[in-house]
Amino acid sequence: MDTVVEINACAPEGMGRDELRKAVEDAFEAMARVDRLMNARAEGSDIWRVNRAAGSGSWISVDEWTFRVIKRALFFARLSSGAFDPTILPLMELWGFGTKPHVPRQEEIGKAKRLVDWTAVDLDESNFSVRLNRPGMGLDLGAIAKGFAVDRAFEALKRSGVTRAIVNAGGNVYALGKRPDGGKWKVGVRDPDEPGTYVTVMRLEEQTAVTSGDYERYFEDGGKRYHHIIDPASGYPADSDIRSVTVILPRTREAQSDIGLVPNASMDADALSTMLFILGKEKALKFADENGIGLIIVDARRGISASKWAPEIFPSEHVSTGDGKQR
Ligand code: AMP
Ligand code: MG
């Protein structure tokens, strides 16, 4: 997944060191499995096989996990009328993210853009098979798979009996229970321009928070910055007034509207953070207010806005560790 994953876990009473280590290893293994299945660039992965068969008419059978993530990605594509589109791969490749970043020529962008079409993905639920309808198409689950991986890590930790932990996978955080001292976990919202520093801090308990930011992957050319969240309508990096958007989903179904979000699912928060980045600040805040979603946005002028349902935020002076949280 191209990111550093960190898990801090505390042993509950009665759990030995080895048992805790095993629990954390299981959580890492679940995340590694997600990467092995869904990394578009890893030869032999589910997504690599689906992409290779694009346009051939063949159905490719995939793991149940992969199927679930693709299906969910298509849900967000529909929800956003294609602003979120998991068939973004041709544009990602063209811009060279992951290989050699550069600004493509206009006609190349036009050509790649026509291959980005979430309505041309066929799913067969009866045997977890997938098919892309046109040659050259490709899935890229980079906007959602990390969230799914964090959900699987969380599940593994819980299954092992761990009740206090924090999982941090490059902007996707899951705070399990409380800190050892009984307080909530402190999770920083990163300063878009200064790695290792934070513009504000949230306190989370049994909650996931996922951030999409223009600083995660970008290159500069002619004094202009090109980041990795692509607007499928233009084929260019989304011209958003957002530098970063952090999504915190409600913990219960009652707390949100019925558009079908899964409470506290990191996968959903991940897809939403990317989707809302593309929509821009005003639409993102409106969407969040209407649907019971917590949002913290850092905008182009470095201003901070929070939606109605966002957790309380605090000044960041006291955040000292370089990894997005304080213990
Ligand atoms: P995130 O960091 O979760 O916001 O995801 C960014 C990643 O999502 C990029 O590196 C691409 O792999 C992928 N991506 C870029 N643009 C889009 C888009 N419009 N819809 C879905 N995925 C995208
Ligand atoms: Mg995302």
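Just so it is clear, the structure is predicted and the values come from calculations on it, not from any experiment. Positions are given from 1 along the sequence. Note that ligands are numbered from 1 as they come in the structure, with each ligand's atoms numbered from 1 the same way.
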Where is the nearest protein heavy atom to atom 23 (C) of ligand 1: which residue, which atom, and how far?
-> Ile88 CG2, 3.7 Å
What angle, in degrees and rounded to 10°, do you get at the Mg ion (ligand 2) when you join it to OG1 of Thr274 and to O of Ala143?
-> 100°
Stepwise side-chain contact (heavy atoms from CB on, under 4.5 Å) test for Val298 and Val189 | CA-CA 9 Å; Val298 182; Val189 175; 4.1 Å; yes
Would you say Pro86 and ligand 1 have an N/O pair spaced under 3.5 Å apart?
-> no
Whether Tyr226 and Phe219 hold their rings parallel, tilted or perpendicular, with breakpoints at 30° and 60° | parallel
For the Mg ion (ligand 2), which N, O or S atom of Asp270 is at the shortest distance?
-> OD1
Atoms in ligand 1 flagged as close to Met92, the criterion being non-hydrogen separation under 4.0 Å = 9 (C), 10 (O), 11 (C), 12 (O), 15 (C)
Could you tell me if any non-hydrogen atom of Gly171 lies under 4.0 Å from any atom of ligand 1?
-> no
Counting heavy atoms only, which of Ala143, Ser244, Ala233 comes nearest to atom 5 (O) of ligand 1?
-> Ala143
Numbered in order shown, the ligand 1 atoms found under 4.0 Å of a heavy atom of Ser212 are 1 (P), 3 (O), 4 (O)
Per-atom contacts, ligand 1 versus Ile229 - under 4.0 Å to a heavy atom = 4 (O), 15 (C), 16 (N)
Mark yes or no: Arg190 above the aromatic ring of Tyr215, with NZ or CZ under 6.0 Å from the six-membered ring centre and no more than 45 degrees from the axis.
-> yes
Atoms in ligand 1 with a heavy atom of Thr274 nearer than 4.0 Å | 1 (P), 3 (O), 4 (O), 5 (O)
Would you confirm whether Ser307, through its side chain, and Ala288, through its main-chain N or O, come within 3.5 Å as a donor-acceptor pair?
-> no
Please confirm whether His227 and Phe97 have ring centers closer than 6.0 angstrom.
-> no
Answer side chain, backbone, both or neither: which part of Leu91 comes under 4.0 Å from ligand 1, heavy atoms only.
-> neither
Protein contact of atom 2 (O) of ligand 1 - nearest heavy atom, named by residue and atom, plus distance | Glu216 OE1, 3.1 Å
Can the positive tip of Lys71 be found less than 6.0 Å from the middle of the six-membered ring of Phe75, inside 45° of the ring normal?
-> no
Spell out, yes or no, whether Val62 and Leu74 are grouped together once hydrophobic residues are joined by side-chain heavy atoms under 4.5 Å, including indirect joins.
-> yes
Where do Asp124 and Asp122 land on the side-chain contact (heavy atoms from CB on, under 4.5 Å) test, with the steps shown first?
-> CA-CA 7 Å; Asp124 183 350; Asp122 294 334; over 6 Å; no
May I have the step-by-step check of side-chain contact (heavy atoms from CB on, under 4.5 Å) for Ile230 and Tyr236, ending in yes or no?
-> CA-CA 6 Å; Ile230 305 289; Tyr236 281 81; over 6 Å; no
Would you kindly check if the NZ (Lys) or CZ (Arg) of Arg78 is within the cone defined by 45 degrees around the ring axis of Trp118 and under 6.0 Å from the six-membered ring centre?
-> no
Nearest neighbour of atom 19 (N) of ligand 1 from the list Asp85, Ile230, Thr3, Asp231, on a heavy-atom basis = Ile230
Mark up the atoms of ligand 1 that fall under 4.0 Å of a heavy atom belonging to Asp140, in ascending order.
-> 11 (C), 12 (O)
Which of the atoms in ligand 1, numbered in the order shown and given with their element, are less than 4.0 Å from a heavy-atom of Pro232?
-> 19 (N)
Checking heavy atoms under 4.0 Å, the part of Ala83 that sits near ligand 1 is backbone
Who's closest to atom 6 (C) of ligand 1 heavy-atom-wise, of Met275, His228, Lys146?
-> His228
If two hydrophobic side chains count as joined below 4.5 Å and joins carry through other members, does Met38 share a cluster with Val150?
-> no
